[in-house]
Amino acid sequence: MAQSRTRTAWLLSTPALVVLFCAAAGPLMIVLVYSFLSPGEYSGVVWDPTLEAWFRVLFRRDIFDGTVSLADAHLTIFWRSVKLSLLTTLITFVIGLPTAWFIATRPARSRPLWLFLITIPFWTNLLIRTFAIMQVIRNEGILNTALLKIGLIDSPIQLLNTDTAVLIGMAYVYLPLMVLPLFAAIDRFDFRLIEAAYDLYASRWRVLRRIILPIIRPGIVAGSILVFVPSLGAYVTPRVLGGGRNMMLGNFIELQFGQGRNWPLGAALSMVLLVIVTLALLVYVRASSRDEERG
Amino acid sequence: MTTTAIEARAVTKRFGAGEITALDAVSISIAQGEFFTLLGPSGCGKTTLLRCIAGFETPTDGAILLSGSDITASPPNKRNVNTVFQSYALFPHLTVAQNIGFGLKMRGDDAAKVDKRTEEMLALVKMEQMASRRPEQLSGGQQQRVALARALAPAPEVLLLDEPLSALDLKLRKEMQSELKRLQSETGITFVFVTHDQEEALTMSDRIAVMSHGQLQQVGSPREIYTRPVNRFVADFIGETNFLEAEAKGDSVTLSTGDTLPLPGAGTGPITLAVRPELLRLTEPGEGDLTATVRDSVYFGTDWHCHLLLSDGTEVVARMQSPPTGESGIGKGQPVGLAFAPGALRVLED
Ligand SMILES: Nc1ncnc2c1ncn2[C@@H]1O[C@H](COP(=O)(O)OP(=O)(O)OP(=O)(O)O)[C@@H](O)[C@H]1O
Ligand SMILES: [Mg+2]
């Protein structure tokens with residue numbers, strides 16, 4: 001009886017396990033294995049196991065004298081990716097918190113409309129949205145033209161092909177991912193607590209710091225993860241708005257599989273990206289389990 | 001000499017585009033150390049007055065004074081007044097002890113002082129065992145105690161309580177009533193208490209303010225309010241009252257039934273008289289001041305409520321103590337006499 005129940009359970013979960021293996025575990029294994037092989041002549045890999053790709057993630061060997069030095073170009077890209085992703089998370093939070101607050105404090109009737117407006121960009125292709133941003137911020141774009149017209153600036157601000165452009169683009173693209181979990185948390189927040197704290201001598205700033213932020217923290221953590229993780233692997237936005245020079249990890253990995261013709265290095269870099277994302281998720285799990293302890 | 005803790009000077013509060021008047025020129029002054037109750041039906045403006053005192057609402061007109069200084073314009077965190085909310089509004093992410101210490105910490109007391117005071121407060125509300133629990137791990141009555149301790153911890157000049165007991169069941173409610181009285185006498189803090197339960201108001205208060213439609217109807221001690229209600233609203237709202245229409249003729253009154261009774265200083269002209277049911281006594285037919293017939297009688301355990309019809313059809317209620325057998329000894333349609341206890345008839349102002 002118990003045995004057949006176990007067998008039924010296994011049978012029932014087979015489709016899920018198959019999907020899980022084909023879609024997640026399998027490809028991951030392939031990438032992991034590739035990272036320990038040697039690059040093929042034109043592309044792909046040849047079955048010649050080596051740690052070269054992993055070595056090249058961090059180090060560089062001089063072609064002529066074979067001296068080893070740190071691959072600072074790679075480190076710069078790692079650092080830029082993490083920095084821009086953190087900044088994107090911060091910017092979306094700073095803009096997203098008042099936005100979510102605004103929506104959560106509207107009458108229940110109009111809230112769905114506001115939420116719909118926030119998600120509208122999602123219905124449009126990412127590439128098109130990114131090109132739209134480009135039209136706004138390029139030297140002859142709407143922003144510079146307007147600023148020139150009202151006389152705030154004398155010559156166009158060079159935004160396109162800078163980190164700032166990438167930041168603007170990513171913050172725009174990922175803002176809804178921050179707003180929605182924040183809204184869900186604020187929606188559950190008991191606004192009477194604000195009066196209670198204000199009554200107990202807390203200033204407005206302290207009401208925010210001591211009462212509101214700690215209580216909506218699960219929403220903050222969820223929103224941050226939802227923005228940080230895709231930012232880290234972003235490909236389209238840095239490519240279109242950052243130009244060729246301001247690469248992020250996603251572009252760099254693509255480069256290895258394309259022009260670079262170094263699939264093992266691309267695979268190793270992908271694994272590095274995965275590790276960073278896993279670390280971020282661990283932080284999330286720890287933060288939310290601490291919430292659970294509190295109940 | 002008593003000093004004034006809180007004073008409201010002609011406080012008016014309008015909401016919306018000014019079409020809702022929640023408070024209409026309310027003036028009261030509440031003495032230091034007093035247990036003062038705001039009593040009135042739902043929507044009469046009790047909460048609004050409390051929120052004006054706490055600083056959550058700004059009066060449209062008038063002024064609020066705390067110990068003689070005008071605080072009308074200061075925000076809640078700058079007023080030495082704390083509130084116990086009906087929903088308790090405990091901070092869910094803080095422990096019981098942290099909740100209690102919150103006000104002290106925000107006020108800038110040093111850590112040692114906060115800890116000491118928090119412990120005193122935990123002892124005061126008998127919650128020492130629960131110090132490290134979270135609010136959701138507490139029963140309703142325990143949450144209530146924490147809310148009280150939190151508001152009392154900074155030793156405010158005035159404590160505002162907006163129907164703090166309404167979420168508790170009857171037994172717990174009775175317990176908390178005496179608990180509140182104990183806390184008030186131990187701390188000596190002025191309590192402004194809101195309720196729409198008249199029994200709660202009568203048993204707990206030093207003074208009661210009866211409100212209706214944003215206006216003060218009467219302010220006085222429980223006994224004053226009960227025995228000498230100034231108008232029909234107060235007489236009707238506090239306890240049960242029989243109203244009798246009459247014509248005053250100097251030192252006597254002629255009731256609508258045609259009976260004339262002596263009533264010194266009644267004045268002249270048409271008046272309304274108020275009589276409490278417990279001040280009416282049933283007698284043998286033909287004796288007493290009036291004649292009546294029994295319409296119905298209802299058993300309440302401690303007493304019987306007898307619904308009687310006077311000769312002109314006016315309905316009155318008389319209350320009579322249950323005899324040991326519990327039998328009232330009267331039946332429907334039976335003729336009876338009705339006697340007024342001395343001083344039972346009160347002339348209402350309007
Ligand atoms: N923020 C507001 N906006 C508009 N009208 C309000 C507001 N707050 C209160 N009112 C109105 O003011 C009047 C007094 O309300 P208040 O809450 O003071 O009554 P209350 O005596 O506390 O009643 P209850 O016993 O039901 O709590 C009511 O008519 C109410 O509808
Ligand atoms: Mg109220």
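Every chain is numbered from 1, with letters handed out A, B, ... down the list of sequences.
For B:D197, the salt bridge (charged side-chain N to carboxylate O under 4.0 Å, His left out) partners are B:R173, not counting sequence neighbours.
Ranking B:A54, B:A153, B:A151, B:P154 against chain A, the residue ahead of the rest is B:P154, based on heavy-atom pairs under 4.5 Å. In terms of heavy-atom pairs under 4.5 angstrom with chain A, the leader among B:G55, B:A89, B:G103, B:P156 is B:G103.
The number of heavy-atom neighbours closer than 6.0 Å to CH2 of A:W114, taken from other residues, nucleotides and ligands shown, is 12 or below. For NZ of B:K105, the number of neighbouring non-hydrogen atoms (other residues, nucleotides, ligands) closer than 6.0 Å is 12 at most. The number of heavy atoms from other shown groups lying within 6.0 Å of CZ (B:R9) does not exceed 12. Atom NZ of A:K83 is surrounded by more than 12 heavy atoms from other residues, nucleotides or ligands within 6.0 Å. Counting heavy-atom neighbours within 6.0 Å of B:Q129 CD, excluding the residue itself, gives a total of 12 or less.
Contacts between residues 191-206 of chain A and chain B, defined by a heavy-atom separation under 4.5 Å, are made by A:R192, A:L193, A:E195, A:A196, A:A197, A:Y198, A:D199, A:L200, A:Y201, A:A202, A:S203, A:R206. Residues of residues 65-81 of chain B that come closer than 4.5 Å to chain A, counting heavy atoms only, are B:P75, B:P76, B:N77, B:R79, B:N80, B:V81, ordered by residue number.
B:H93 has its side chain within reach of A:I211: a pair of non-hydrogen atoms, C-beta onward, lies under 4.5 Å apart.
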Quiz: residues 218-233 of chain A side-chain donor-acceptor pairs under 3.5 angstrom, not counting sequence neighbours:
residue: A:S224; atom: OG; partner: A:I220; partner atom: O; Å: 2.7
residue: A:S231; atom: OG; partner: A:V227; partner atom: O; Å: 2.6

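For B:R133, no part lies under 4.5 angstrom from a heavy atom of chain A. Looking at B:L90, only its backbone comes within 4.5 Å of chain A, counting heavy atoms on both sides.
Here the CG-CZ distance, from A:D190 to B:F85, works out to 10.0 Å after rounding to the nearest 0.5 Å.
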